[in-house]
S.K.: 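For reference, the structure I am asking about is given below.
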2 protein chains.
Amino acid sequence: MSTPRLRDVAERAGVSIRTVSNVVNGYARVSEERRARVEAAVAELGYQPNLMARNLRRGRTGLIALVVPELDVPYFAELTRAIITKARQQGYTVVVDQTDGEPDREREIVMGGAMAAMFDGVILSPLALSQTDLARRDNSRPLVLLGERIAESPYDHVAIDNVAAARAATEHLFDIGRSRVAAIGDQPWEGGETAQLRTAGFRLAHEARRRRLDESLIVTNRRFHHADGAEAMAALLDHPKGPPDAVFCYNDLLALGAIRTLLSRGVRVPEDVAVVGFDDIETGRYNTPSLTTVSPDKSTIAWLAIDRLIARLGERADDEPTELWAPYELAIRESTAG
Amino acid sequence: MSTPRLRDVAERAGVSIRTVSNVVNGYARVSEERRARVEAAVAELGYQPNLMARNLRRGRTGLIALVVPELDVPYFAELTRAIITKARQQGYTVVVDQTDGEPDREREIVMGGAMAAMFDGVILSPLALSQTDLARRDNSRPLVLLGERIAESPYDHVAIDNVAAARAATEHLFDIGRSRVAAIGDQPWEGGETAQLRTAGFRLAHEARRRRLDESLIVTNRRFHHADGAEAMAALLDHPKGPPDAVFCYNDLLALGAIRTLLSRGVRVPEDVAVVGFDDIETGRYNTPSLTTVSPDKSTIAWLAIDRLIARLGERADDEPTELWAPYELAIRESTAG
DNA sequence: CTGAAAGCGCTTACAG
DNA sequence: CTGAAAGCGCTTACAG
């Protein structure tokens, strides 16, 4: 026999489908005797509600889309894990969509493509979408942004204070006696706003400590993978005015790539060049030397994002957008010890 | 105005909803003139088909569930990325579900919990589900298994040859002149079948090369994270008969953890102890020393799994289950060089 | 090629 | 507390 429907259960239990629905959903008060009959029928038939029908009726699916650039970048993997966990605790299922940073894919889910209707809400870590795109968005479905890349928007967003974190990381390098500090990962173009904030913090640290900043020590990168950090570091080692004695990398992959280049060229870390990363991915803790890094509280980020999104699912959409700040700390390890 | 329906488009274009449906889905041949009218109406109203209604009617969703133990284990992250990409090329969307290896979560999706009905098919990398569980499964929805853990089952599965790969890795260690080779990651219990296959390969290599195998060099691990490899290596260094001169780790995280322990205890890699991993995750290539590892062709695994699943969505479910083998290679790097 | 209509399986106002 | 019935928006046999 094919999958049983509400009607089949109702017939078997000798009640109306309304009563079965009430029992299954735990809605209204149902007499004890009828409830028992319905539950028996449900068990006997192995009834499972048809979610597609329920979704159509209710107008929602219980699905949340999480849109991230690259799942195999450990920071996103770790954050995704946290979000999936929190969402499930709230009864929502997360659909992970990886965009590879392609604008069209981000738009498909976020701006309201065909797929968009399947999701009650969206959490987006924007890479390609511009402020202009988002301003044009039909705001009928809740959207929570991760990161402070797009500061001015009609949406909630969850972030850490990138300027302060970058400044703290840089000042730490001054604190351990370094004077010629490079930065790897600046992105002075649209879409690179997060990197720009970190560069701002890097500059602020120089000002606060009254250090001269050699602009040629700020290296620009399209992507934030190991290979990019390795290349950038190689270029810095060949700097005409000599290599830096410390490097602040805008994520841990860049930092690990940079360390690889340093060690393979016989440069000691941290004795000759100290290295700080950003994200606090698991692997950095087991690298040799272990990696000093800015550690955003991913669990809090996940919690704030899910919590805010779910709140929006209940509220009017025109409430004030909120900025939610998650804490971070500087995890000091071997790559800057000494 | 609220979201337009098929009927609204039909009214505006002056045709029946049937014709609109045909145009939207590109089904039947529609006269050029009517098609133009419909397309204009669709554009003017900004019509988007309601996927929940379509799903209910069609009885499928275009969603595939990918069930993995841990998303932030790089191997799964990289594989997930590959599967998402392949699925999208075929017009399917992947819902990633992370189970943390909890049997109940695996069952919820795989065995047919409420959520299961949302997915046309499932790709499962089993960790907790036993052969008995799977034998009991209602086979109405296609399921493709990843890995050869559950060899005897009525399901398709995609895997590499773990025995051969482990044997090749171990023989490579003999080839570079090592004689006392340890293994980290055995799991001699139900659910640890993949690890057991690797141990079998490890043993085979010893037999093939007529080497004596010291059973106490096979270390057992519940989990496969950095910390587990670090601990296991520490124990091996304190081995009563002296440390090994090479280690075969059952994944790259174990290997990186082991290398961390070796280096921090002043043991040189590979001079004193050579290390081989398994999975070929990105970070291993940038570690110092870079990691020799068994490199499964993740892209092929993804392709085979998606391809098989989609084939099943068309076929009768009682066709013979297929075993699909993906290639692998041994990527030789610094951790065994010399 | 096109239209009028049934029905996918559920939820929920409307009566009682 | 319960039942009979409408309707969510679509797809698709059935006629023409």
S.K.: Would you call A/Arg37 and A/Glu33 a salt bridge, using N to O less than 4.0 angstrom?
M.R.: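 A salt bridge is present here (some side-chain N lies under 4.0 Å from a carboxylate O).
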S.K.: Specify the separation, in whole Å, of atom CZ of B/Arg54 and atom P of C/dG9.
M.R.: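 In whole Å, C/dG9 P and B/Arg54 CZ are 19 Å from each other.
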S.K.: CG of A/Asn22 versus P of D/dT2: gap in Å, rounded?
M.R.: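 Interatomic distance, CG of A/Asn22 to P of D/dT2: 8 Å.
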S.K.: Given atom CG of B/Asn25 and atom C1' of D/dC10, what is their separation to the nearest angstrom?
M.R.: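 Taking CG of B/Asn25 and C1' of D/dC10, I get 9 Å after rounding.
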S.K.: Testing A/Leu79, A/Val67, A/Ile306 for side chain to side chain contact (heavy atoms under 4.5 Å, CB included) with A/Ile123, which one passes?
M.R.: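 Of the listed options, the one satisfying the test is A/Ile306.
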S.K.: Using a cut-off of less than 4.0 Å, is there contact between a side-chain N or O of A/Ser31 and OP1 or OP2 of D/dT2?
M.R.: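 Checking A/Ser31 against D/dT2: at least one side-chain N or O falls below 4.0 Å of OP1 or OP2.
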S.K.: For DNA chain D, determine which residues of residues 56-65 of chain A have any heavy atom closer than 4.0 angstrom to one of its atoms, and list them numerically.
M.R.: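 Close to the strand are A/Leu56, A/Arg57.
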S.K.: Taking atom P of C/dA5 as reference, at what distance in whole Å does atom CD1 of B/Ile17 sit?
M.R.: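 Spelled out: CD1 on B/Ile17 to P on C/dA5 is 11 Å.
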S.K.: For D/dT11 and B/Ser21 - does any side-chain N or O of the residue sit under 4.0 Å from the phosphate oxygens OP1/OP2?
M.R.: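 Checking D/dT11 against B/Ser21, a side-chain N or O does come within under 4.0 Å of OP1 or OP2.
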S.K.: Looking at B/Leu146, B/Val96, B/Val68, which one forms a side chain to side chain contact (heavy atoms under 4.5 Å, CB included) with B/Ile83?
M.R.: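 Testing each of B/Leu146, B/Val96, B/Val68 against B/Ile83, the sole residue satisfying side chain to side chain contact (heavy atoms under 4.5 Å, CB included) is B/Leu146.
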S.K.: Check the distance between D/dG9's C1' and A/Met118's CE and give it to me in whole angstrom.
M.R.: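 Interatomic distance, CE of A/Met118 to C1' of D/dG9: 15 Å.
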S.K.: Taking the minimum atom-to-atom distance to the side chain of A/Arg18, which one of D/dT12, C/dT2, C/dA13 wins?
M.R.: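 The listed nucleotide nearest to A/Arg18's side chain is C/dA13.
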S.K.: Whether B/Asp133 and B/Arg107 form a salt bridge (side-chain N of Lys/Arg under 4.0 Å from carboxylate O of Asp/Glu) is what I want to check.
M.R.: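 Yes, B/Arg107 and B/Asp133 are salt-bridged.
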S.K.: Any Lys/Arg nitrogen of B/Asp307 or B/Lys86 sitting under 4.0 Å from an Asp/Glu carboxylate oxygen of the other?
M.R.: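 Looking at B/Lys86 together with B/Asp307, the answer is no, because their closest N to O distance does not fall below 4.0 Å.
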S.K.: Under a 4.0 Å N-O cut-off, is there an ion pair linking A/Arg308 with A/Asp156?
M.R.: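 Yes, A/Arg308 and A/Asp156 are salt-bridged.
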S.K.: Nearest to the A/Asn50 side chain among C/dG9, D/dT12, D/dG3, which nucleotide is it?
M.R.: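 Ranking C/dG9, D/dT12, D/dG3 by closest atom to the A/Asn50 side chain puts C/dG9 first.
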S.K.: Rounded to the Å, how far apart are B/Leu6 CG and D/dC8 P?
M.R.: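 So the two atoms are 13 Å apart, to the nearest Å.
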S.K.: Mark yes or no for whether A/Thr61, through its side chain, and A/Leu63, through its backbone, hold a donor-acceptor pair below 3.5 Å.
M.R.: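 A pair under 3.5 Å: yes.
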S.K.: Are A/Val73 and A/Pro69 packed together at the side-chain level, in the sense that at least one heavy-atom pair is separated by less than 4.5 angstrom?
M.R.: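 A side-chain contact is absent here, since even the closest heavy-atom pair is not under 4.5 Å.
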S.K.: What stems, by residue range, does DNA chain D take part in, given at least 3 consecutive Watson-Crick or G-U pairs under 3.5 Å?
M.R.: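 C:1-3 with D:14-16, C:5-12 with D:5-12, C:14-16 with D:1-3 - these are the stems of 3 or more pairs that involve DNA chain D.
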S.K.: A quick test of your reading: do over 12 heavy atoms of other residues, nucleotides or ligands sit less than 6.0 Å from CZ of A/Arg60?
M.R.: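 No, the 6.0 Å shell around CZ holds no more than 12 heavy atoms from other groups.
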S.K.: Quantified in whole Å, what is the P atom distance between nucleotide C/dC14 and nucleotide C/dC10?
M.R.: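 23 Å, rounded to whole Å.
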S.K.: Which whole-number value in Å describes the distance from A/Arg7 CZ to C/dT11 C1'?
M.R.: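 Between C1' of C/dT11 and CZ of A/Arg7: 15 Å.
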S.K.: Does the distance from a Lys or Arg side-chain N to an Asp or Glu carboxylate O, for B/Glu102 and B/Arg105, drop under 4.0 Å?
M.R.: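 A salt bridge links B/Glu102 with B/Arg105.
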S.K.: Rounded off to whole Å, could you give me the CG-to-C1' distance for the B/Asn55 and C/dG7 pair?
M.R.: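 The answer, rounded to whole Å, is 16 Å.
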S.K.: Assign B/Thr19 to base, sugar-phosphate, or nothing according to its heavy-atom contacts below 4.0 angstrom with the strands shown.
M.R.: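 Sugar-phosphate contact only - B/Thr19 comes under 4.0 Å of backbone atoms but never of a base.
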S.K.: Does C/dT2 have OP1 or OP2 under 4.0 Å away from a side-chain N or O of B/Arg34?
M.R.: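 Answer yes for this pair, as a side-chain N or O of B/Arg34 is under 4.0 Å from OP1 or OP2.
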S.K.: Over all strands shown, is B/Leu51 touching base, sugar-phosphate only, or nothing at heavy-atom distances under 4.0 angstrom?
M.R.: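 Touches nothing.
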